Every structure is written in C-alpha cells, then in structure tokens.
J.: 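Take this structure first; my questions come after.
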Amino acid sequence: MAAELFRRGFSDHRRALVGWCVGIVGYCVLVASIFPSIKGFSGFENLVQQYPAALKSLFAIGGDITTGAGFLDTELFSLMLPLLVLALAIGSGARTFAGEEETGRLELVLAYPLRRRSAVLAKAAALAAEVGVVCAVGFVALAALDGIIGLGLDLGHLAEALLGIAVLGLFFGWLAVALGAAWPSKVLALGVVAGYAAAAYLVGGLHDLAGWLDPLRFLSPFWLVGQAPLENGFRGWGVLVLAAAATAVLTAGAFLVERRDLELP
C-alpha cells in the first residue's frame, strides 16, 4: 500500500514536473549559450574582479569566470539552479499533508490501510523522486551542452554539483513535509521553510565578511554543500550531514503526525 501511495503521490505532480524539467533545460541552454561570447576574454575577468567583495562572496564569484566551470558556477549553480529546485521541493512539500488537509483531500490519502507515519514517508519518497528527476535532467542537459558548446566540464564534478543540489532540495522539501504533518497549515510550512532557505543562503554567502554570522554558518545547508562545485567539487562531509538532517526532520514529522488530531471533513 505504501508503494501505491508513493505512485499516486508522484503521478499527481507529473504534469508540473514535466514543466519544471522543461524550464530547467531551457534555462541551462540559455545560460550555456552565452558562454562562447566570453570564453577566454581576459577583459571580462578583470571587470568581474572589480565587483564589490560582498557581491562576489554572495554569488561565489571567485574562480575564472571565462572558463565553462567558473561561468556556470557563477551564473547557474550559485543561485538560480538551487532556487528552481528548492521552489519545486518546498512547494511540493507544503502541499503534502498540510495542503491536502486544508483542501479536504487528506481523507483520501488516509483511506489506505497504513499508519499515518507510513503515509508521510510514502509522500516524502514521492517528493524525493521529483527532486531526483529534475536534478538528473539538469545533469543530462549540461552534459549534452558540454559536448555541443565545449564548456570543458569535469563530469564528475558536475554529478557532485547536482547531487549537492538534490540533497538541498531534499532537506528543505522534507522540512516542509514535516511541518505540514505536525501543524495543519500550508502557509506555515511554506513560509517558515522559504524564510529559512533565504536566511541560510545569506549566511552561507556572507559569513566570511560579517564576523557575527560566522558561527551561524554550520546552520546553513548552503554552506554545508559548499560553493563553486564545478570548480572545486562538493563538500562531501557536509552533504552527508545535510542528508542526515533531512532524515531527522522527516522522522520527527512522521512521529508528530501520530500525536495530533487531523482536520478531516
């Protein structure tokens, strides 16, 4: 029965998932198509080095932006690609349980002969599949563009970069699922997690420049994953810590949903 609930949870979002995949591929094509115009152009690199320190720190502008890896790290992996994946994961997570409870559809979910916690885990697995699909599509698109445009990417680092983004999406998505399972408010699940993601991004990008933020970097999933993954690879231990944290928050949500009254019609 858990497998059937997983299948339904994934299939219910399949049309939206196709849209997300098309959008991510289109954005990757758009960004990568700009690279040949600046490839090897030293004047552009000199211009970038004059940017304010805060801007370079926030958007991970530190490597050679005239290389494919440095350009995509700055233009794609520093903000936009993680943002797209997190928007998908947080939105889908907030709709799970909290959104279904508010719209009166949760009764259909709980009609399956499963414990509440098993239903939460099945729904969370469906969300993980969604995140995995969009990140896999992103990898295939960028690997193909590397061959077509000549980005000079290390495919191992590319795989690590997409894995890091997938774990980011998993953490924030499962946090939204857990909050929605613990409290019957889609707005709360969406707002709290989105707010935490925004604050964590700022801490991860600016902690080097603001000393009072530095102790908080350990609470930033973005810092745990690391910056400039195409040039430097990801921070392996940080990704493992983040995966463990994602599992912990989901477990807490599955436990808390057993202990409250659900608002069913």
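Predicted model, so just to flag it, every value in this text is computed and none were measured.
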J.: So, taking the atom named CG in L81 and the one named CG in D73, what distance separates them when rounded to the nearest 0.5 Å?
T.: 11.0 Å
J.: Run the side chain to side chain contact (heavy atoms under 4.5 Å, CB included) test against V22 and tell me which residues pass, sequence neighbours left out.
T.: V18
J.: On the six-membered ring of W20, is R15 placed so that its NZ or CZ lies under 6.0 angstrom from the centre and within 45° of the ring axis?
T.: no
J.: Hey, mind stepping through E231 and D154 against side chain to side chain contact (heavy atoms under 4.5 Å, CB included) and telling me if it holds?
T.: CA-CA 8 Å; E231 290 187 296; D154 181 322; over 6 Å; no
J.: Is there a path from V131 to L240 through hydrophobic residues (I, L, V, M, F, W, Y) whose side chains come within less than 4.5 Å of each other?
T.: no
J.: Any heavy-atom pair between the side chains of V203 and L219 that's under 4.5 Å?
T.: no
J.: For the CD atom of E130 and the CZ atom of R14, what is their distance to the nearest 0.5 Å?
T.: 12.0 Å
J.: Could you tell me whether a side-chain N or O of S92 sits under 3.5 Å from a main-chain N or O of L88, the two making a donor and an acceptor?
T.: no
J.: Show the nearest heavy-atom pair for residues G253 and A181, with the distance to one decimal.
T.: O-CB, 3.7 Å
J.: Is there side-chain contact between M80 and V31, with at least one heavy-atom pair below 4.5 Å?
T.: no
J.: Partners of I34 by side chain to side chain contact (heavy atoms under 4.5 Å, CB included), sequence neighbours excluded?
T.: S37, F71
J.: Identify each donor-acceptor pair in which a side-chain atom of residues 155-167 lies under 3.5 Å from a protein atom, sequence neighbours left out, and give them as a table.
T.:
{"residue": "H157", "atom": "ND1", "partner": "L230", "partner atom": "O", "Å": "3.1"}
{"residue": "E160", "atom": "OE1", "partner": "F234", "partner atom": "N", "Å": "3.3"}

J.: Heavy atoms only: give me the nearest V249-A246 pair and the separation to one decimal.
T.: CG2-O, 3.1 Å
J.: Do you reckon I148 sits in the same ILVMFWY cluster as V29, going by side-chain contacts under 4.5 Å, direct or chained?
T.: yes
J.: Kindly compute the distance separating OG (S220) from CG (L202), expressed to the nearest 0.5 Å.
T.: 9.0 Å
J.: If I compare all heavy atoms of I90 with all of A176, which pair ends up nearest, and what's the gap?
T.: O-CB, 3.9 Å
J.: Looking only at heavy atoms, which two atoms of C21 and V134 are closest? And how far apart?
T.: SG-CG1, 3.9 Å
J.: My understanding is that only residues two or more places apart in sequence, or in another chain, count here; which of them pass side chain to side chain contact (heavy atoms under 4.5 Å, CB included) with D214?
T.: H207, R217
J.: Distance check, rounded to the nearest 0.5 Å: Y201 atom OH versus L83 atom CG?
T.: 9.0 Å
J.: Please name all residues satisfying side chain to side chain contact (heavy atoms under 4.5 Å, CB included) with A128, sequence neighbours left out, ordered by chain then number.
T.: L170, W174
J.: Would you be so kind as to tabulate the donor-acceptor pairs closer than 3.5 Å made by side chains of residues 138-146, with sequence neighbours excluded?
T.:
{"residue": "D146", "atom": "OD1", "partner": "L151", "partner atom": "N", "Å": "3.3"}
{"residue": "D146", "atom": "OD1", "partner": "G152", "partner atom": "N", "Å": "2.9"}
{"residue": "D146", "atom": "OD1", "partner": "L153", "partner atom": "N", "Å": "3.1"}

J.: Do L168 and V85 come close enough that some side-chain heavy atom pair is under 4.5 Å?
T.: no
J.: Contact between Q227 and F77 at the side-chain level, heavy atoms closer than 4.5 Å - yes or no?
T.: no
J.: So which heavy atom on T66 is nearest to which on F35, and how close?
T.: O-CE1, 3.4 Å
J.: Could you walk me through whether Y196 and L175 satisfy the side chain to side chain contact (heavy atoms under 4.5 Å, CB included) test, starting with their C-alpha distance in whole Å, then the side-chain angles of each, then the deciding distance to 0.1 Å, before giving a yes or no?
T.: CA-CA 10 Å; Y196 173 38; L175 181 58; 3.8 Å; yes
J.: Over all heavy atoms of both residues, which pair between P36 and I149 is shortest? Give the atoms and the distance, please.
T.: CG-CG2, 3.6 Å
